[in-house]
Amino acid sequence: MRNESIFNESQKYMPGGVNSPVRAFRGLNINPPVFKSGKGQYIYDEDGKRYIDYVGAWGPMILGHCDEDVVKAIEETSRNAIAFGAPTELELNLAKLICETTDIDMIRFVNSGTEATMSAVKLARGFTGKNKIIKFSGCYHGHYDGFLVSAGSGVMTHSIPGSAGIPVDSVKNTLIADYNDIESVRKLFEEYGDDIAAVLIEPIAGNMGVVPAKKDFLEELRVLCTNYESLLIFDEVMTGFRVAYKGAREIYGIEPDLVTYGKIIGGGLPCGAYGGKREIMEYLSPIGPVYQAGTMSGNPIVMAAGLATLNKIYENKDVFYTKLEGLGKTLESKMMEAANKRGINITINRCGSMLTAFFTDRKVENYHDAKQCDVNLYSKFAENMILNGHYVSPSQFEALFLSIRHREEDIEEFIETIEKIF
Ligand SMILES: Cc1ncc(COP(=O)(O)O)c(C=O)c1O
């Protein structure tokens, strides 16, 4: 059993045997499979077992694994250009493509979603000259100290570090509000309005499971930010190019001041980006006073993989997103039907090709609702799905992602397994 021996040895050399905690399957009674290869909607572990993949590397693999055009772009670029730490035409091409097709003026590439959001917040602080930010319970924006906060008991506005190793001082400028609750935001603006640099939000949350924002909530958020001269930052690291080409912005028709991207824009290679209005972006060094840099930023191979991915999506985008919506809809309705048949309570929140089945009979509209779910039941579900060759997230508070390579037959197989498990 190579899976087991590799994972056991990994634990000697890497904490928990992993490089990112969720991969360790700590909430499940099985070890994580160790993966060797992937093609289309399939991934294969070290023991040769095949899985239909519903994690998609946590979002990036929207074209499926090892898409031929992406592989070709990586291969061809890597023959001539691995890294320069200097300008290339590839980065111009990707910047131009993203700016022109998503209607932003300027963009800066970084190496991860975390870097994108932390840099966007720094830029917002530099631009507005203000210190505080508002984030929402249940939204995740990466592992930057200022984002890893929990609401202090009792007083909602008092944040405490959400991880060991974070000084209290690092979170004192992070205010926490409740998702889909505009009054909780209004209160913070009333109290701290002249010092709030930005409101940072996942406009469709994926990190408490999928929880879409209500349209009027986002509209009012936009108005509050404008009135108080704070920047509205949409974190579209997960939703950008996923829920629609232009992300949640396109779905809601609401314009943030800054947007962050990651995941899909690098075609599966390490990439993040933040962008927005020219007058804000020009606050960045070397033309402006806000310093942010990166040796690997705009790496040519990453840019080539991103270009191949986004070009492929963009060239046929209506058909592309219609197909994903169709697959998502089938999955949602058949899963609901299977649960109803067996008397299992689930609530499904879905936006296009990202979906979460919450084990509860209630609506899930914020983090409090999400936490009421039966996570033990979810863990059993995930364990059994994975053992039966359907690779789903080990945690209730994540999304299930479809790729353009999934077929109706895959979903049927998925439902057959679910019926067995339920
Ligand atoms: C919405 C959102 N923002 C930021 C991040 C952080 O991105 P990364 O893991 O690439 O640092 C994530 C990661 O899942 C995310 O979902």
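Quantities reported herein were computed from a predicted structural model and do not represent experimental measurements. All ligand and atom numbering here is 1-based and tracks the order in the structure. Just so you know, residue 1 is the first one in the sequence shown, and it goes up from there.
In the vicinity of S112, heavy-atom distances shorter than 4.0 Å reach the ligand 1 atoms 10 (O), 11 (O). The contact set between ligand 1 and V237, taken as ligand atoms under 4.0 Å from a residue heavy atom, comprises 2 (C), 3 (N), 4 (C), 5 (C), 12 (C), 15 (C). If you number the atoms of ligand 1 from 1 as listed, the ones under 4.0 Å from a heavy atom of G142 come out as 4 (C), 5 (C), 6 (C). Within the listing of ligand 1, atoms 1 (C) sit less than 4.0 angstrom from a heavy atom of E202.
The two residues D103 and R249 make their nearest non-hydrogen contact at O-NH1, 3.8 Å.
For atom 10 (O) of ligand 1, the closest non-hydrogen atom of the protein is G113 N, 2.8 Å. In this structure, atom 1 (C) of ligand 1 lies nearest to the protein heavy atom D235 OD2, 3.3 Å. Taking atom 14 (O) of ligand 1 as the reference point, the nearest protein heavy-atom neighbour is K263 NZ, 2.9 Å.
Looking at R350 and E325, a side-chain N of the basic residue comes within less than 4.0 Å of a carboxylate O on the acidic one, giving a salt bridge. For K215 and E219, the salt-bridge test passes: some basic side-chain N is under 4.0 Å from an acidic carboxylate O.
Taking the six-membered ring for Trp and thresholds of 30 and 60 degrees, F217 and Y179 have ring planes inclined between 30 and 60 degrees apart. The aromatic rings of Y54 and H406 are tilted relative to each other, their planes meeting at an angle between 30° and 60°. Below 30°, between 30° and 60°, or above 60°: for F381 and F359 the angle between ring planes is between 30° and 60°, a tilted geometry.
When the options V22, N111, T114 are ranked by their closest heavy atom to atom 6 (C) of ligand 1, first place goes to T114. Considering only non-hydrogen atoms, atom 15 (C) of ligand 1 lies nearest to N207 out of I204, N207, T260.
Judged by distance alone, the side chains of E100 and Y314 never bring a donor and an acceptor atom under 3.5 Å apart.
Outside the 6.0 Å centre-distance limit, the rings of Y245 and F320 are not counted as a close aromatic pair.
Using a 4.0 Å cut-off between heavy atoms, W58 makes no contact with ligand 1 at all. For T239, no heavy-atom contact with ligand 1 is shorter than 4.0 Å.
Inclusion of H141 in the set of residues having an N or O under 3.5 Å from an N or O of ligand 1 is not warranted.
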